[in-house]
Engineer: 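I have a structure here, written as structure tokens, and I will follow up with some questions on it.
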Amino acid sequence: MPELPEVETVRRGLAPVMEGARFVEVEARRGDLRWPLPEDFAARLRGQTVLKLRRRAKYLLADLSGGEVLLMHLGMSGSFRVNHDRGRSGSPRKRLGLEPSGPGLHDHVVFHMSSGATITFNDPRRFGSMLLIDRSELENHRLLAELGSEPLARSFDAASLARACQHKETSLKTALLDQSVVAGLGNIYVCEALHRAELSPTRKASTLARRSGAPTARAERLVSAIKEVLAAAIKAGGSSLRDHRRTNGDLGYFQHHFRAYDRAGEPCPTPSCGGTIRRISQNGRSTFFCPRCQK
DNA sequence: ACATAGACCTGTTGGC
DNA sequence: TGCCAACAGGTCTATG
């Protein structure tokens, strides 16, 4: 499911009910996610207040009052759902039977917050994860230490992308999926950014840089395309292909704005291009692009 | 140091 | 209709 725009959408949905709120109760219904839940997970969270909910790459980070950080990843199919408890009789929707009350099949973790919100983590494939890390060890943690630039930060520019790709023999597609080059892109937004920048996914990553390491015009175009597509997707609440939901259950709608992803056989939307979107496989993953305008 | 393949899971889809 | 292979938004781990 989730790339940077989807994770950011989830963060924005969770922040109002988590920040400043305390974990009143935590249910660990199934602990074998990608990795086992931390030892005494529920007990270590109970009573702690969330100071801030942040995002880094595709991770959500909840700073806890006790000095630890709750690190969460949605994997391929993870989602969070927020329900608001309104007294014993339940919400009006619940009383009317519009909301199912019991936990669903893949509801693995449930947070009951002092804000009155119940937050349920659902993840059919269990590629998601939750970890507790000491704040002092966060920067050096193996999952975070090697991450590259945040693509929406000002510091992510053509020069920094060119530098990161300068000696890469691999394809541009593969380089952009590498979280140590740029942090937060996934299969969809790499395809979309390359299409917008009119760059071929099979082009060598090193062609973003001159021999001196200085960025080429391609690098400039690509950085702009990445920032634009991510910003637009966040504005749309992310892309819902199958699993992604906003925390209130609504769908994102950026999938309606895809120009290349999942559009094999359709005409290329680049003005006056006239090409056809093709699907190829790179490193076992689908790439969608227009061989006509993406050079 | 770098690049590619395999692994982890469940659910859905398309072809025969 | 049923069955099975292929595929799905990710990324760690092992291997060359």
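Not measured: the values here are computed from a predicted model. Every chain is numbered from 1, with letters handed out A, B, ... down the list of sequences.
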Engineer: Atom CZ of A:R125 to atom P of B:dT10: distance rounded to whole Å?
Structural biologist: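 Atom CZ in A:R125 sits about 10 Å away from atom P in B:dT10.
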Engineer: Could you verify whether a donor N or O on one side chain and an acceptor N or O on the other, from A:D243 and A:S77, lie under 3.5 Å apart?
Structural biologist: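 No - no donor-acceptor pair under 3.5 Å links their side chains.
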Engineer: It should be established whether A:H106 places a side-chain nitrogen or oxygen under 4.0 Å from OP1 or OP2 of nucleotide B:dC9.
Structural biologist: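 No, because none of the side-chain N or O atoms of A:H106 sits under 4.0 Å from OP1 or OP2 of B:dC9.
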Engineer: Both distances under 3.5 Å, Watson-Crick or G-U wobble: on that basis, could you give the dot-bracket string for DNA chain B, with [ ] for crossing pairs and | for other-strand partners?
Structural biologist: .|||||||.|||||||
Engineer: Given salt bridge (Lys or Arg N to Asp or Glu O under 4.0 Å), test A:E169 with A:K204 step by step and report yes or no.
Structural biologist: CA-CA 6 Å; A:E169 286 298 306; A:K204 259 201 211 181; 3.0 Å; yes
Engineer: For A:H167, is the NE2 atom crowded, meaning more than 12 foreign heavy atoms sit under 6.0 Å from it?
Structural biologist: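 No - once you tally the heavy atoms of other residues, nucleotides and ligands closer than 6.0 Å, there are 12 at most.
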Engineer: For nucleotides 12-15 of chain C, give me every protein contact, N/O to N/O, under 3.5 Å, one pair per line with atom names.
Structural biologist:
residue	atom	partner	partner atom	Å
C:dC12	OP1	A:Y59	OH	3.4
C:dC12	O4'	A:R34	NH2	2.5
C:dT13	OP2	A:R142	NH1	3.2

Engineer: Using the P atom as the reference point in each nucleotide, state the distance between B:dC9 and C:dA14 in Å, no decimals.
Structural biologist: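 Approximately 15 Å lies between the P atom of B:dC9 and that of C:dA14.
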Engineer: Is A:F127 stacked on the base of C:dT11 when the test is centres under 5.5 angstrom and planes under 30 degrees?
Structural biologist: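 Here the ring of A:F127 and the base of C:dT11 are not stacked, as the 5.5 Å and 30° limits are not both satisfied.
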Engineer: Given the P atoms of B:dG6 and C:dA6, what is the spacing between them in whole Å?
Structural biologist: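 The same atom, P, in both gives a distance of 14 Å.
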Engineer: Considering every strand and a 4.0 Å limit on heavy-atom distances, what is the contact class for A:L105: base, sugar-phosphate, or nothing?
Structural biologist: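 Counting heavy atoms under 4.0 Å across all strands, the contact made by A:L105 is with sugar-phosphate only.
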Engineer: Roughly, in whole Å, what's the span from CZ in A:R279 to P in B:dG14?
Structural biologist: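 In whole Å, B:dG14 P lies 13 Å from A:R279 CZ.
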Engineer: In whole angstroms, how far is the C1' atom of B:dC9 from the CG atom of A:D123?
Structural biologist: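 From A:D123 CG to B:dC9 C1': 9 Å.
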Engineer: CG of A:L60 versus C1' of C:dG10: gap in Å, rounded?
Structural biologist: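 Distance, rounded to whole Å: 14 Å.
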Engineer: Please pick, from B:dT10, C:dT11, B:dA3, the nucleotide with the shortest atom-to-atom distance to any side-chain atom of A:E169.
Structural biologist: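 Of all the options, the side chain of A:E169 is nearest to B:dA3.
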Engineer: Kindly work out whether a path of hydrophobic side-chain contacts (I/L/V/M/F/W/Y, heavy atoms less than 4.5 Å apart) joins A:Y189 to A:I277.
Structural biologist: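 In one cluster: yes.
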Engineer: So, A:D107 and A:R29, do they make that salt bridge, N to O below 4.0 Å?
Structural biologist: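 So A:D107 does not pair with A:R29 through a salt bridge.
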Engineer: I need the single residue from A:R246, A:Q255, A:E6 that forms a side-chain contact (heavy atoms from CB on, under 4.5 Å) with A:S240. Which is it?
Structural biologist: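 Only one option passes, and that is A:Q255.
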Engineer: Between C:dA8 and A:R285, counting only base atoms on the nucleotide and side-chain atoms on the residue, is there a donor-acceptor pair under 3.5 Å?
Structural biologist: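 Side chain to base: no pair present.
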Engineer: Specify the separation, in whole Å, of atom CG of A:N283 and atom P of C:dT11.
Structural biologist: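 One finds 15 Å between P of C:dT11 and CG of A:N283, rounded.
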Engineer: Measure CZ/A:R56 against P/C:dT11 and give the value in whole Å, please.
Structural biologist: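 Going from CZ in A:R56 over to P in C:dT11 covers 12 Å.
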Engineer: Kindly point out which of C:dT11, C:dG10, B:dT10 is positioned nearest to the side chain of A:Q179?
Structural biologist: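 Out of C:dT11, C:dG10, B:dT10, the nucleotide with an atom closest to A:Q179's side chain is C:dT11.
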Engineer: Could you tell me whether A:R259 and A:E192 have a side-chain N and a carboxylate O separated by less than 4.0 Å?
Structural biologist: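 Salt bridge flag = no for A:E192 with A:R259.
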Engineer: Looking at B:dT4, I'd like to know if its phosphate oxygens (OP1 or OP2) sit under 4.0 Å from a side-chain N or O belonging to A:T170.
Structural biologist: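 The answer is yes; a side-chain N or O of A:T170 sits under 4.0 Å from OP1 or OP2.
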Engineer: Give a yes or no on whether a salt bridge exists between A:R46 and A:E25, defined as a side-chain N under 4.0 angstrom from a carboxylate O.
Structural biologist: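 Here A:R46 pairs with A:E25 in a salt bridge, since their nearest N and O are under 4.0 Å apart.
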Engineer: Taking OP1 and OP2 of C:dA8, is either one under 4.0 Å from a side-chain nitrogen or oxygen of A:S286?
Structural biologist: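 True: A:S286 side-chain N/O within range (under 4.0 Å) of C:dA8 OP1/OP2.
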Engineer: Please state how far atom CG in A:D243 lies from atom P in C:dC7, giving the value in whole angstrom units.
Structural biologist: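 Atom-to-atom, A:D243 to C:dC7, this comes out as 18 Å.
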Engineer: Send over the distance from A:I280 CD1 to C:dA6 C1', rounded to a whole Å.
Structural biologist: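 After rounding, the gap between these two atoms is 18 Å.
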